[in-house]
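Working notes for the structure below.
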Amino acid sequence: MDMEGKVVQSRFKRVCVFCGSSTGKRKCYRDAAVELAQELVARRLDLVYGGGSIGLMGLVSQAVHHAGGNVLGIIPRTLMNKEITGETVGEVRPVADMHQRKAEMARHSDCFIALPGGYGTLEELLEVITWAQLGIHDKPVGLLNVDGYYNYLLTFIDKAVDDGFIKPSQRHIIASAPNAKELVQKLEEYMPVHDAVIAKASWEVEKQQEALQQVGFNATTLQTRSLYKGET
């Protein structure tokens, strides 16, 4: 609901949030996590996240849960002792590894938002941007640019466009805003733009699963286009 208590309609059902397992050194990052949680609940959006109970992950998941929202956490079994301390909220779904974590988070989500974070957050963010670039999915991707946290990343991307490594049309894959309300609204209004030269990637995971496992390859790194379309 909005400030007047009215329910805000959304084109989405579930939002995947990438964020740090640390809260960072500045209060504004913690405030932004809670603000994002409040915006999701106001729009009756479920949260999909990395499953941890610490850092910004813990803050955003607890804030959504305590406000009555649905929470799905997806976490590799090997990280459960490291990223889960104390009580968890919502549903926590253990998976085999990081590859499966990202695939499941994508499958269960209609769009992606990155709060401030470190290497892991950047890796998750850049992968879903790359999937969009390749035409594997057309789900919106947003940066919650808290107090300019992602300014240098956006400058780098603009430099890559200027120097010919990223097409200008692909620059618009990423939406960014300084606050949750503005960012979610941008994602609501997002219209994907596909270049004709981008191949529509399609991988048959089920058919390849057994053969790939026999040679020691983790088949969860390959997903069908329908998987990233959010079909469950």
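In this structure, S61 contributes its side chain and G58 its backbone to a donor-acceptor pair below 3.5 Å. A donor-acceptor pair is defined here as one N or O able to donate and one able to accept, closer than 3.5 Å; no such pair exists between the side chain of R30 and the backbone of G55. Judged by distance alone, the side chain of Q100 and the main-chain N or O of A96 form a donor-acceptor pair under 3.5 Å. In this structure a side-chain-to-backbone donor-acceptor pair under 3.5 Å is present from S22 to G24. Counting only distance, with no hydrogens or angles, the side chain of E124 and the backbone of F18 share no donor-acceptor pair below 3.5 Å. Looking at E188, its side chain does come within 3.5 Å of a backbone N or O of R11 through a donor-acceptor pair. Panel note: side chain R14, backbone H108; a donor-acceptor pair is recorded below 3.5 Å.
The shortest side-chain heavy-atom distance between F12 and P140 falls under the 4.5 Å cut-off. Using a 4.5 Å heavy-atom threshold, the side chains of L47 and V15 count as separate. At least one side-chain heavy atom of R26 sits less than 4.5 Å from a side-chain heavy atom of D147. No side-chain heavy atom of T78 sits less than 4.5 Å from a side-chain heavy atom of M98.
Ion pair D110/K139 not flagged as a salt bridge, since none of the NZ, NE, NH1 or NH2 atoms sits closer than 4.0 Å to an Asp/Glu carboxylate oxygen. Between K159 and D163 a salt bridge is recorded (basic side-chain N to carboxylate O distance below 4.0 Å). The pair K102-E127 counts as a salt bridge, with a side-chain nitrogen and a carboxylate oxygen less than 4.0 angstrom apart.
R43 and Q185 are linked by a side-chain donor-acceptor pair at a separation below 3.5 angstrom, with hydrogens and angles left out of the test.
Scanning all heavy atoms of the two residues, the minimum distance from A180 to E35 falls at N-OE2, 3.1 Å. Across every non-hydrogen atom of E39 and V184, the tightest pair is CG-CG2, 3.9 Å.
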Trace of the side chain to side chain contact (heavy atoms under 4.5 Å, CB included) decision for V161 with Q170
CA-CA 9 Å; V161 172; Q170 296 167 356; over 6 Å; no
The test is side chain to side chain contact (heavy atoms under 4.5 Å, CB included); show your working for F112 and I129 and say whether it passes.
CA-CA 10 Å; F112 307 93; I129 291 171; over 6 Å; no
Candidate pair L36 and V17, rule side chain to side chain contact (heavy atoms under 4.5 Å, CB included), full reasoning:
CA-CA 9 Å; L36 175 59; V17 175; 3.9 Å; yes
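Each of V34 and L40 belongs to its own hydrophobic cluster when Ile, Leu, Val, Met, Phe, Trp and Tyr are linked at side-chain heavy-atom distances under 4.5 angstrom.
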Review item, side-chain donor-acceptor pairs of residues 63-73, under 3.5 Å, at least two apart:
{"unit_1": "H66", "atom_1": "ND1", "unit_2": "Q62", "atom_2": "O", "d": "3.2"}
{"unit_1": "N70", "atom_1": "ND2", "unit_2": "D46", "atom_2": "OD1", "d": "3.1"}

Can you give each donor-acceptor pair under 3.5 Å made by side-chain atoms of residues 149-157, sequence neighbours left out, with the distance rounded to 0.1 Å?
{"unit_1": "Y149", "atom_1": "OH", "unit_2": "G117", "atom_2": "O", "d": "2.5"}
{"unit_1": "Y150", "atom_1": "OH", "unit_2": "L115", "atom_2": "O", "d": "2.7"}
{"unit_1": "N151", "atom_1": "OD1", "unit_2": "N145", "atom_2": "ND2", "d": "2.8"}
{"unit_1": "T155", "atom_1": "OG1", "unit_2": "N151", "atom_2": "O", "d": "2.9"}

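Taking E182 as the reference, A177, P178, N179, K186 meet the side chain to side chain contact (heavy atoms under 4.5 Å, CB included) condition, with sequence neighbours excluded.
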